[in-house]
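Computation of the quantities below employed the complete heavy-atom set of this structure, encompassing side-chain atoms and omitting hydrogens, waters and symmetry-equivalent molecules. In this text the structure is predicted, and so the values were computed from the model without any measurement. One is the number of the first residue; the rest follow in order along the sequence.
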Amino acid sequence: MKQVTGNNKVRPKAAVVNLDRKEELYKAYMPFLHHGGLFLPTRSNFRLGQTLSLMLNLMDEPETIPVQAHVVWITPERAHGQRVAGIGVQFTEEHALLRDKIEHYLSDQLDSEHPTHTF
């Protein structure tokens with residue numbers, strides 16, 4: 001997955017997120033968030049509660065999925081345990097069905113104990 005990019009002065013209003021491999025989707029998915037969410041590797045600065053517009057290219061979906069999300073998790077650079085720096089975004093209620101679509105793709109891995117970007 002490509003990192004979400006931006007600079008410290010201008011926050012991206014939109015970001016393209018490519019999750020076309022099941023392994024990447026598994027590592028990024030945050031099932032414990034209400035309506036679901038994703039972890040996005042980035043070194044850019046974001047603030048909790050910040051709203052992002054994402055253009056999600058998901059697995060073999062024929063079209064890009066526009067998603068509104070809020071930053072609910074921040075993993076800073078040099079985090080304990082050599083975690084990947086980035087942000088966790090929670091889907092808004094309008095995109096709650098996206099959670100079901102992602103869980104369909106990950107149905108055989110949801111109970112896995114393999115590490116993710118957040119656990």
Side-chain angles (χ1 to χ4, degrees):
M1 175 174 34
K2 202 172 193 181
Q3 288 194 355
V4 175
T5 58
N7 63 42
N8 293 340
K9 294 181 182 178
V10 179
R11 305 286 188 263
K13 292 186 180 183
V16 176
V17 179
N18 297 306
L19 292 167
D20 54 2
R21 291 188 10 240
K22 192 182 250 188
E23 178 184 307
E24 291 176 338
L25 180 59
Y26 172 78
K27 285 183 176 182
Y29 183 51
M30 300 174 79
F32 51 87
L33 294 178
H34 192 62
H35 306 306
L38 296 170
F39 180 86
L40 308 174
T42 183
R43 292 183 179 165
S44 298
N45 291 323
F46 292 88
R47 66 183 186 287
L48 290 174
Q50 184 172 351
T51 301
L52 297 177
S53 296
L54 306 175
M55 298 302 291
L56 179 60
N57 295 307
L58 181 63
M59 301 292 287
D60 58 359
E61 293 295 315
E63 305 219 359
T64 300
I65 304 166
V67 180
Q68 289 289 113
H70 302 287
V71 176
V72 295
W73 178 294
I74 298 174
T75 302
E77 289 191 71
R78 297 178 299 278
H80 179 73
Q82 298 179 350
R83 291 276 182 203
V84 173
I87 57 173
V89 297
Q90 178 175 306
F91 306 142
T92 60
E93 187 173 354
E94 303 86 57
H95 303 292
L97 292 178
L98 180 55
R99 176 187 185 133
D100 295 337
K101 187 175 287 206
I102 290 172
E103 289 187 358
H104 173 76
Y105 281 113
L106 297 176
S107 61
D108 62 337
Q109 294 184 344
L110 286 175
D111 293 328
S112 174
E113 293 186 20
H114 293 292
T116 67
H117 289 308
T118 55
F119 287 106

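- Residue pairs that meet the side chain to side chain donor-acceptor pair (under 3.5 Å) test with at least one member in residues 84-93, sequence neighbours left out, are T92-E94.
- Within the 4.5 Å cutoff, no side-chain heavy atoms of V71 are placed close to those of R47.
- Scanning all heavy atoms of the two residues, the minimum distance from M30 to G88 falls at SD-CA, 3.6 Å.
- Note that CG of L25 and CG of L106 are 4.0 Å apart. Values are rounded to the nearest 0.5 Å.
- Here the CG-CD1 distance, from L52 to I87, works out to 5.0 Å after rounding to the nearest 0.5 Å.
- L48 and L54 fall within a single hydrophobic cluster, where Ile, Leu, Val, Met, Phe, Trp and Tyr are joined by side-chain heavy atoms under 4.5 Å apart, directly or via other members.
- Side-chain contact between D20 and M59 is absent, with no heavy atoms from C-beta onward closer than 4.5 Å.
- Put simply, CZ on F39 and NZ on K27 are 11.5 Å apart, with the number rounded to the nearest 0.5 Å.
- Inter-residue side-chain proximity for V67 and V17 is flagged as unmet; no heavy-atom pair is nearer than 4.5 Å.
- Every residue meeting the side-chain contact (heavy atoms from CB on, under 4.5 Å) condition with N57, not counting sequence neighbours, appears here in chain and number order: V16, N18, T64.
- Side-chain contact check for L40 versus F46: every heavy-atom pair is 4.5 Å or farther apart.
- Residues H35 and H95 fail the side-chain proximity criterion, which asks for heavy atoms closer than 4.5 Å.
- Within the structure, every pair that satisfies the salt bridge (charged side-chain N to carboxylate O under 4.0 Å, His left out) test and touches residues 52-77, not counting sequence neighbours, is listed here: R43-E77, E61-K101.
- The same ILVMFWY cluster, assembled from side-chain heavy atoms under 4.5 Å apart, contains both F32 and V84.
- When side chains are defined from C-beta on, L38 counts as touching I102, because their heavy atoms get closer than 4.5 Å.
- Taking OH of Y29 as the reference point, atom NZ of K22 lies at 14.0 Å (rounded to 0.5 Å).
- Side-chain contact between L33 and W73: absent, with no pair of heavy atoms (C-beta onward) separated by less than 4.5 Å.
- Side-chain atoms of R99 do not come within 3.5 Å of backbone N or O of G37 as any donor-acceptor pair.
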